[in-house]
Amino acid sequence: MIMKKAGKDNEEYAIVLIDGVCHLCQGLTRFIIQRDPAGHFRFASLQSEIGQSLLEQGGLTPDGGDTMVLIEKGKYYTRSQGALRIARRLRFPWPLAYAMIIVPRPIRDRAYRIVAKNRYRWFGRSEACMIPTPDIRRRFLS
């Protein structure tokens, strides 16, 4: 699935798949939207039909749920690699975080997995995916 930005030649949206019931993930979605004035990112819940379909297209396990997924120019990025690639497209100073890419991926992903494993305990979870505000809703795939 490739989504083109209206009025932009050959410029594609990046898609972020998030755990729709995780409070941390919901907060990160709002964080990204507030720092992405160009509207580069679109979102879908991992639990949604479109999220499941996109995971399958990328050869990822639909029931994994332990990571967010960034789909950019047809490539799939997970865990720390996806998070850092998102940071570099946000408003300053967040692109500076991309310098963490020099840390070996196994170390970055270990830290990511610790947070992912404990996210419900530390931040909570909802019984259903968040209901986005009208402003945020336009950034969600359906």
Side-chain angles (χ1 to χ4, degrees), residues 1-120 122-123 125-142:
M1 164 185 274
I2 296 176
M3 298 180 61
K4 302 280 185 183
K5 289 185 180 180
K8 302 274 186 172
D9 293 331
N10 296 326
E11 192 171 351
E12 301 172 5
Y13 292 114
I15 300 170
V16 180
L17 302 178
I18 55 125
D19 180 344
V21 298
C22 168
H23 289 176
L24 172 63
C25 301
Q26 293 170 8
L28 288 172
T29 299
R30 288 188 292 274
F31 179 89
I32 293 167
I33 289 170
Q34 291 169 357
R35 288 153 185 85
D36 177 31
H40 178 72
F41 296 104
R42 292 292 184 262
F43 302 87
S45 166
L46 288 165
Q47 294 87 351
S48 69
E49 194 173 305
I50 194 163
Q52 295 285 301
S53 176
L54 287 167
L55 286 174
E56 288 175 12
Q57 288 175 34
L60 300 173
T61 308
D63 57 286
D66 70 337
T67 185
M68 51 77 60
V69 178
L70 171 66
I71 307 168
E72 193 171 45
K73 298 182 181 178
K75 294 185 181 180
Y76 285 65
Y77 303 95
T78 60
R79 297 182 183 84
S80 66
Q81 189 177 23
L84 291 174
R85 290 183 71 88
I86 290 169
R88 81 176 179 173
R89 299 293 295 238
L90 300 178
R91 190 173 49 221
F92 187 81
W94 298 103
L96 298 175
Y98 192 73
M100 294 297 294
I101 202 77
I102 65 170
V103 174
R105 188 172 180 177
I107 295 170
R108 293 189 329 256
D109 281 352
R110 180 162 169 71
Y112 186 98
R113 282 187 185 101
I114 290 169
V115 174
K117 180 180 176 182
N118 293 291
R119 70 188 186 276
Y120 295 145
W122 294 344
F123 301 98
R125 75 182 278 172
S126 304
E127 292 301 315
C129 294
M130 78 172 180
I131 299 173
T133 64
D135 185 47
I136 292 174
R137 185 181 316 249
R138 67 181 175 79
R139 301 278 294 271
F140 272 77
L141 304 177
S142 55

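Count residues from 1 along the sequence. Computation of the quantities below employed the complete heavy-atom set of this structure, encompassing side-chain atoms and omitting hydrogens, waters and symmetry-equivalent molecules.
- A distance of 8.5 Å separates OG of Ser45 from CG of Leu17, quoted to the nearest 0.5 Å.
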Compile the donor-acceptor pairs under 3.5 Å between side chains in residues 96-105 and protein atoms, sequence neighbours left out, one pair per line.
residue : atom : partner : partner atom : Å
Arg105  : NE   : Asp109  : OD2          : 3.2
Arg105  : NH1  : Gln81   : OE1          : 2.9
Arg105  : NH2  : Gln81   : OE1          : 3.3

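- Within the 4.5 Å cutoff, no side-chain heavy atoms of Tyr112 are placed close to those of Thr78.
- Annotation: cation-pi geometry satisfied between Arg35 and Phe31 (NZ/CZ under 6.0 angstrom from ring centroid, within 45° of ring axis).
- Under the 4.5 Å side-chain criterion, counting only non-hydrogen atoms from C-beta, Ile33 is not in contact with Arg30.
- One distance of note links CD of Gln52 with CD of Gln57; it measures 12.0 Å at 0.5 Å rounding.
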(request) Could you please spell out the steps behind the side chain to side chain contact (heavy atoms under 4.5 Å, CB included) verdict for Met68 and Leu28? (result) CA-CA 10 Å; Met68 51 77 60; Leu28 288 172; over 6 Å; no

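- Considering every non-hydrogen atom in both Val115 and Trp122, the closest pair reads CA-CZ3, 3.9 Å.
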(request) Apply side chain to side chain contact (heavy atoms under 4.5 Å, CB included) to the pair Ile86 and Tyr77, showing each step before the final yes or no. (result) CA-CA 10 Å; Ile86 290 169; Tyr77 303 95; over 6 Å; no

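- Thr29 places a side-chain N or O within donor-acceptor distance of the main-chain N or O of Cys25, the cut-off being under 3.5 Å.
- The minimum heavy-atom distance linking Lys73 with Glu12 is given by the pair CA-OE1, 3.4 Å.
- Paired with Val69 under the rule side chain to side chain contact (heavy atoms under 4.5 Å, CB included), one option of Leu55, Ile15, Val16, Ile18 passes, and it is Leu55.
- Judged by distance alone, the side chain of Arg113 and the main-chain N or O of Arg79 form no donor-acceptor pair under 3.5 Å.
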